[in-house]
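Inspection log for the structure reproduced underneath, given as structure tokens.
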Amino acid sequence: MIDKALLLKTRELSDQLIALQTPIRILDAINWDKQTKEEFFRQKCQKNPLIDRAYYQQRDLGFVPSELRQAFSTLHRNIINQLGQLNPIAQYMGKMCTEYKTVLSMLEYRGTPELHDLSVELFGHPKDLFHAGEPSLSELANMLDKPLQNLLIADILPDDPKNIAAVDAVRILSEQVNASMAGINVEVMLSDGIVSDAAAGANNIKLNQDVKFSQRELDILEVHEGWIHVGTTQNGLAQPYLTCLSKGTPSSTITQEGLAVLTEIITLKSTPRRLSKLVNRIQAVTKVIDGAEFVDIYRDYVAQGLSKDDSYTLAQRVFRGSTPTGLPFTKDIAYIKGFVLVYNLIRVAIQLGRIDRLPLLLVGKISIDDFRLISQLHDLGVIESPQFVPPHFKDLRGLATWLSFGRFIGDLSFEKLENDYKPLFL
């Protein structure tokens, strides 16, 4: 166990880290405004939006990046001086300071190629490999896309109707999350300031007031935004010492989104259309790296049958912080990348008989790269077990059985199976 005085010092330094991080709002700093969308449609969707570096420079971040970066450097030195360079607590908080400094540099480079380079450093690249000799993330996305497209083209699994107005969706989703997340008061509210259909805060879920929802989409939001994003934030805030676990760095975003997508799938909330959308995000980022412009990505989405509004929104995600002819912001690869990493971690935990460790994924906003360190800090009494645990992590028997059987089935040759079973469907 760690000395109590050291734990209290950890709490003090952790709270300072939270205070420094608070004004940083990555997406607010890089999203395009509504006027840009309106002008694009006034131009009949034929011309790239007029976004350049000057567009971003005129937007106030609310802080001076160089000054805040220096403050993180000072805090990092204080952490090492007061906790010790080899202390696992200092190692964890030091990594967070370093990552936030990279974020600040990225925001300074909005509208330039350097933003892309720094986003790759933080979120990764679609052509990255998980292991040498295996498919890249982009190639995995293409492999996953084929069966999804077969399902979508057949149209045997149509999407649920989007017939719930945002104001009614607030009430319905509020009832759902507060029933399934007992002990956590989650506020569901309308918002006109978000680009996506929904977004999670520390204790709230914001719904885009201009969007209609299906019941299936609300079910997905319950488990994705509620159980994972709000749940892990609240678990982080409940930590007695390492309160900074409530704040997510870009590397933790990858794990967060992976957990959320895995949760959608395990709870049978997700749909082929939903997964196809996540796959398309990787494909879009890859196309932009290979030279596509905003209008190219927009037209691709329209050609896939998406509405003009949805096509614009999805295309805009790729170019946030960049220009319509520039390199992409790579955060959108986090969903499938994170899913692969989390899924493999769980498989290895089952193989090693350490499935009891998996709830530690929920202690806050953590990265899989830090899982060993998080486990060590938990054993030392620095980190407490998560207070809110979703049902599929609370009773791990079902999860272990599902993944164990999935591993067995996955070892069978699909090509041989297809040859045996395909005639049954002809």
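A quick note: this is a predicted structure, and the numbers were derived from the prediction, not measured.
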Could you tell me whether the side chain of [Y] reaches within less than 4.5 Å of the side chain of [X], counting heavy atoms only?
X	Y	result
Phe41	Asp309	yes
His378	Val363	no
Thr102	Glu121	yes
Pro126	Ile289	yes
Tyr301	Asp310	no
Pro250	Val103	yes
Val295	Phe40	yes
Leu104	Phe72	yes

Crowding at [atom1], [X] (>12 non-hydrogen neighbours, <6.0 Å):
X	atom1	result
Lys212	NZ	no
Leu8	CG	yes
Tyr56	OH	yes
Gln35	CD	yes

> How far apart are the C-alpha atoms of Leu207 and Glu225, what are their side-chain angles, what is the distance that settles it, and do they pass the side-chain contact (heavy atoms from CB on, under 4.5 Å) test?
Replying inline: CA-CA 11 Å; Leu207 300 184; Glu225 308 291 348; over 6 Å; no
>> Using the rule given for salt bridge (charged side-chain N to carboxylate O under 4.0 Å, His left out), can you reason through Arg59 versus Asp28, listing the C-alpha separation, both sets of side-chain angles and the distance that settles it, and then say yes or no?
In response: CA-CA 10 Å; Arg59 298 173 64 179; Asp28 288 347; over 6 Å; no
So, the side chain of [X] versus the backbone of [Y]: is there a donor-acceptor pair under 3.5 Å, distance only?
X	Y	result
Arg273	Ser270	no
Arg11	Pro240	yes
Thr243	Gln239	no
Asn235	Gly364	no
Asn178	Val186	yes
Asn204	Glu187	no
Asp219	Lys269	no
Arg317	Leu314	no
Asp168	Ile164	no
Lys162	Glu217	no

Go through the side-chain N and O atoms of [X] and [Y] and say whether any donor and acceptor fall under 3.5 Å apart.
X	Y	value
Thr330	His125	no
Gln149	Asp145	yes
Ser322	His116	no
Asn142	Gln283	yes
Thr36	Asp33	yes
Ser136	Ser138	no

Where do [X] and [Y] come nearest, in terms of heavy atoms and distance?
X	Y	answer
Tyr100	Lys247	OH-CB, 3.6 Å
Ser14	Leu242	OG-C, 3.6 Å
Met96	Cys244	CE-O, 3.5 Å
Asn31	Tyr55	O-OH, 4.0 Å
Pro88	Gln376	CG-NE2, 3.9 Å
Val170	Val188	CG1-O, 3.2 Å

Measure the [atom1]-[atom2] distance between [X] and [Y] for me, rounded to the nearest 0.5 Å.
X	Y	atom1	atom2	answer
Thr255	Ile366	OG1	CD1	6.5 Å
Ile333	Leu137	CD1	CG	5.5 Å
Asn203	Met181	CG	CE	10.0 Å
Gln215	Ile220	CD	CD1	10.5 Å
Leu75	Met93	CG	CE	7.5 Å
Asp197	Lys206	CG	NZ	15.0 Å

> Is any side-chain N of the basic residue among Asp370 and Lys365 closer than 4.0 Å to the acidic one's carboxylate O?
Replying inline: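 Judged by the 4.0 Å cut-off on N to carboxylate O distance, Asp370 and Lys365 do not form a salt bridge.
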> When Leu262 is tested against each of Leu361, Leu341, Ile346 for side-chain contact (heavy atoms from CB on, under 4.5 Å), which residue passes?
Replying inline: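 By the side-chain contact (heavy atoms from CB on, under 4.5 Å) criterion, Leu262 pairs with just one of Leu361, Leu341, Ile346: Ile346.
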> Could you walk me through whether Ser276 and Gln304 pass the side-chain contact (heavy atoms from CB on, under 4.5 Å) check?
Replying inline: CA-CA 11 Å; Ser276 179; Gln304 292 173 32; 5.6 Å; no
> Is there a salt bridge (charged side-chain N to carboxylate O under 4.0 Å, His left out) between Arg354 and Asp356 once you walk through the steps?
Replying inline: CA-CA 5 Å; Arg354 296 310 311 268; Asp356 59 301; 3.3 Å; yes
> Given the rule in the side-chain contact (heavy atoms from CB on, under 4.5 Å) test, do Tyr109 and Asp117 qualify, once you have shown the distances and angles that lead to the verdict?
Replying inline: CA-CA 10 Å; Tyr109 282 115; Asp117 295 336; over 6 Å; no
> salt bridge (charged side-chain N to carboxylate O under 4.0 Å, His left out) between Lys9 and Asp3: does it pass, once the steps are laid out?
Replying inline: CA-CA 10 Å; Lys9 178 57 66 175; Asp3 179 73; over 6 Å; no
>> Using the rule given for salt bridge (charged side-chain N to carboxylate O under 4.0 Å, His left out), can you reason through Asp300 versus Lys287, listing the C-alpha separation, both sets of side-chain angles and the distance that settles it, and then say yes or no?
In response: CA-CA 10 Å; Asp300 278 350; Lys287 288 175 183 177; 3.1 Å; yes
> Got a sec, which residues hit side chain to side chain contact (heavy atoms under 4.5 Å, CB included) with Leu237, two or more places apart in sequence or on another chain?
Replying inline: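 Leu237: side chain to side chain contact (heavy atoms under 4.5 Å, CB included) contacts with Thr233, Gln234, Ser246.
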>> Using 30° and 60° as the class boundaries, would you call the ring planes of Phe319 and Trp32 parallel, tilted or perpendicular?
In response: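 Rings of Phe319 and Trp32: tilted, 30 to 60°.
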> For Phe63 and Leu20, what are the C-alpha separation, side-chain angles and deciding distance, and is it a side-chain contact (heavy atoms from CB on, under 4.5 Å)?
Replying inline: CA-CA 10 Å; Phe63 55 84; Leu20 287 182; over 6 Å; no
